[in-house]
Amino acid sequence: MKYMNVGSAEINASQVVLGCMRMNEKTVDESQSIIETAVNNGINFFDHADIYGRGASEELFGQALKNSEIKREDIFIQSKAGIRKGMFDFSKEHLMTTVEGSLKRLQTDYLDFLLLHRPDALYEPEEIAETFDLLKSQGKVRYFGVSNQNPYQIELLNKYLNVPITANQLQFGPAHTGMIDAGFNVNMLNDAGINRDGGILDYCRLHNITIQPWSPYQVDLGQGLFIKHPDYKELTQTLNEMAEEKGITLEALTIAWINRHPANMQPIIGTMNLDRITAIAQGADIQLSREEWYKIYLSAGNTLP
Ligand SMILES: NC(=O)c1ccc[n+]([C@@H]2O[C@H](COP(=O)([O-])OP(=O)(O)OC[C@H]3O[C@@H](n4cnc5c(N)ncnc54)[C@H](OP(=O)(O)O)[C@@H]3O)[C@@H](O)[C@H]2O)c1
């Protein structure tokens, strides 16, 4: 396992993050095994949101961590806030209440990272700055970040924030490559050339913001896993063959493909399966060649101009 800073936060965070969105489907004992398996394999960074399982994921994690021998200070806990039923809400009142709820459910005094979950059209950056300052001064949150935001949204926030944006969570994986497709197709009239994110990949690299790719094994939101998707048979076959040659699993190779990109991303895996967590953690450090990286990219149906 490689360890890295997250943006300007100089910490030893594992490059692979375990996302806990699906932990609500597990029991406390199962959650404890999941956390312990992750930690025993070098994963020390866990991603949450108040809405995962309507709070149940955080609650299970908090209880399971308490039952384990893992010390709170030996891991990093990140949570996200700002999604409500039928709306997004970055108001001070909602963010403060959400953090209080997350701390209680997670049975901890502080979050290492708090991210704004999905852009709220009605957000007021001055209010967010005040909220972040308060959360930091109260010792409730150490570092801050965003999720699913484009460069101008981050610029606007940065005009007012007194704390750095350390991370931006964005969907990315071999079957979801919009962030890099546009860069290959600058000024072209094809669909791949459409810049849907304002150049967020290069923006994050320029501003030392760590991209945390979410759902690395999924196609676009709601379309499921690429290994089960008819459009990604060639990708699955290429990954399986290459993984076998290297003696790792398809899941580990997928993360190695993300990690080969020089942006030094921090992918978030969502499996709750102990064998898959172990295999990914053990295989994701494999360094792919340029040829291998491009072969995987092209096998997903992408073309180069
Ligand atoms: N910021 C955002 O807007 C946002 C949005 C979505 C997610 N996230 C974060 O990203 C994390 C990861 O998301 P995700 O769970 O969608 O990611 P994922 O790692 O792409 O998918 C995990 C799911 O795929 C299944 N899976 C993986 N490999 C499989 C295989 N070979 N065969 C069958 N099933 C397989 C897992 O089942 P098993 O458990 O059985 O392995 C699990 O249900 C979340 O936990 C959350 O922390 C953030």
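Heavy atoms only: backbone and side chains are in, while hydrogens, waters and symmetry mates are out. In each ligand, atom 1 is the first atom listed, and ligand 1 is the first ligand listed.
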Write out the residue and atom name of the closest protein heavy atom to atom 6 (C) of ligand 1, then the distance separating them to 0.1 Å.
Trp214 CE3, 3.3 Å

If you measure every N or O of Lys80 against every N or O of ligand 1, does any of those distances drop under 3.5 Å?
no

Near Asn273, which atoms of ligand 1 are under 4.0 Å from a heavy atom of that residue?
39 (O), 41 (O)

Considering heavy atoms of the protein only, find what lies nearest to atom 37 (O) of ligand 1 and give residue, atom and distance to 0.1 Å.
Arg276 NH2, 4.2 Å

dist Leu135:CG -> Lys140:NZ (nearest 0.5 Å) comes out at 7.0 Å

Is ligand 1 under 4.0 Å from a heavy atom in the side chain of Ala49, in the backbone, in both, or in neither?
neither

Do any heavy atoms of Gln212 fall under 4.0 Å from ligand 1?
no

Students should be able to answer this: which protein heavy-atom is nearest to atom 20 (O) of ligand 1, and at what distance?
Tyr217 N, 2.9 Å

Honestly, for Gln171 the part within reach of ligand 1 (heavy atoms, under 4.0 Å) is neither

Atom 16 (O) of ligand 1: of Cys20, Ser215, Ala279, the nearest heavy atom sits on Ser215

Tell me whether the count of non-hydrogen atoms from other residues, nucleotides or ligands lying under 6.0 Å of CG in Leu206 goes above 12.
yes

Donor-acceptor side-chain pairing of Gln63 and Gln107 below 3.5 angstrom:
yes

Straight-line distance of Tyr160 OH to Glu130 CD, nearest 0.5 Å:
13.5 Å

Do me a favour and list the nearest non-hydrogen protein atom to atom 34 (N) of ligand 1 with residue, atom name and distance?
Leu225 CD1, 3.4 Å

Do any N/O atoms on Lys228 end up under 3.5 angstrom from N/O atoms on ligand 1?
no

Using a 4.0 Å heavy-atom threshold (strictly under), name the region of His48 that reaches ligand 1: side chain, backbone, both or neither.
neither

What's the shortest distance from atom 23 (C) of ligand 1 to any protein heavy atom, and which residue and atom give it?
Arg22 NE, 3.5 Å

Do me a favour and list the nearest non-hydrogen protein atom to atom 3 (O) of ligand 1 with residue, atom name and distance?
Asn148 ND2, 3.0 Å

For ligand 1, indicate whether the residue Leu115 contacts it via side chain, backbone, both or neither (heavy-atom separation under 4.0 Å).
neither

For Ser147, which part has a heavy atom under 4.0 Å from ligand 1: side chain, backbone, both, or neither?
side chain

Would you mind checking if Arg105 and Asp50 are paired as a salt bridge, meaning a charged N to carboxylate O distance below 4.0 Å?
no

Say whether Gln282 and Asn41, considering side chains only, have a donor N or O and an acceptor N or O under 3.5 Å apart.
yes

Find all atoms of ligand 1 within a distance of less than 4.0 Å from any non-hydrogen atom belonging to Asp47, and give their numbers and elements.
9 (C), 46 (C), 47 (O)

Between Met21 and ligand 1, which part of the residue brings a heavy atom under 4.0 Å of the ligand: side chain, backbone, both or neither?
both

Regarding Asn44 and Ser14, do their side chains bring together a donor and an acceptor under 3.5 Å, going by distance alone?
yes

Can you check whether Ile268 has an N/O within less than 3.5 Å of an N/O in ligand 1?
no

Salt bridge present between Arg196 and Asp181 (N-O < 4.0 angstrom)
no

Less than 4.0 Å between a side-chain N and a carboxylate O, is that true for Lys246 and Glu292?
yes

Is the closest N or O pair between Arg118 and ligand 1 shorter than 3.5 Å?
no

Side chains of Gln15 and Gln266, donor plus acceptor under 3.5 Å:
no

Looking only at side chains, do Asn150 and Asp197 share a donor and an acceptor under 3.5 Å apart?
no

Stacked cation flag Lys92 on Phe132, 6.0 angstrom / 45 deg
no

Gln138 atom CD, over 12 foreign heavy atoms within 6.0 Å:
yes

Looking at ligand 1, does any of its N/O atoms fall within less than 3.5 Å of an N/O of Ile269?
no

Note: heavy atom closest to atom 31 (N) of ligand 1, options Gln218, Glu251, Glu25, His117, belongs to Glu251

Polar contacts were defined as any N/O atom of the residue lying under 3.5 Å from an N/O atom of the ligand; does this apply to Ile227 and ligand 1?
no

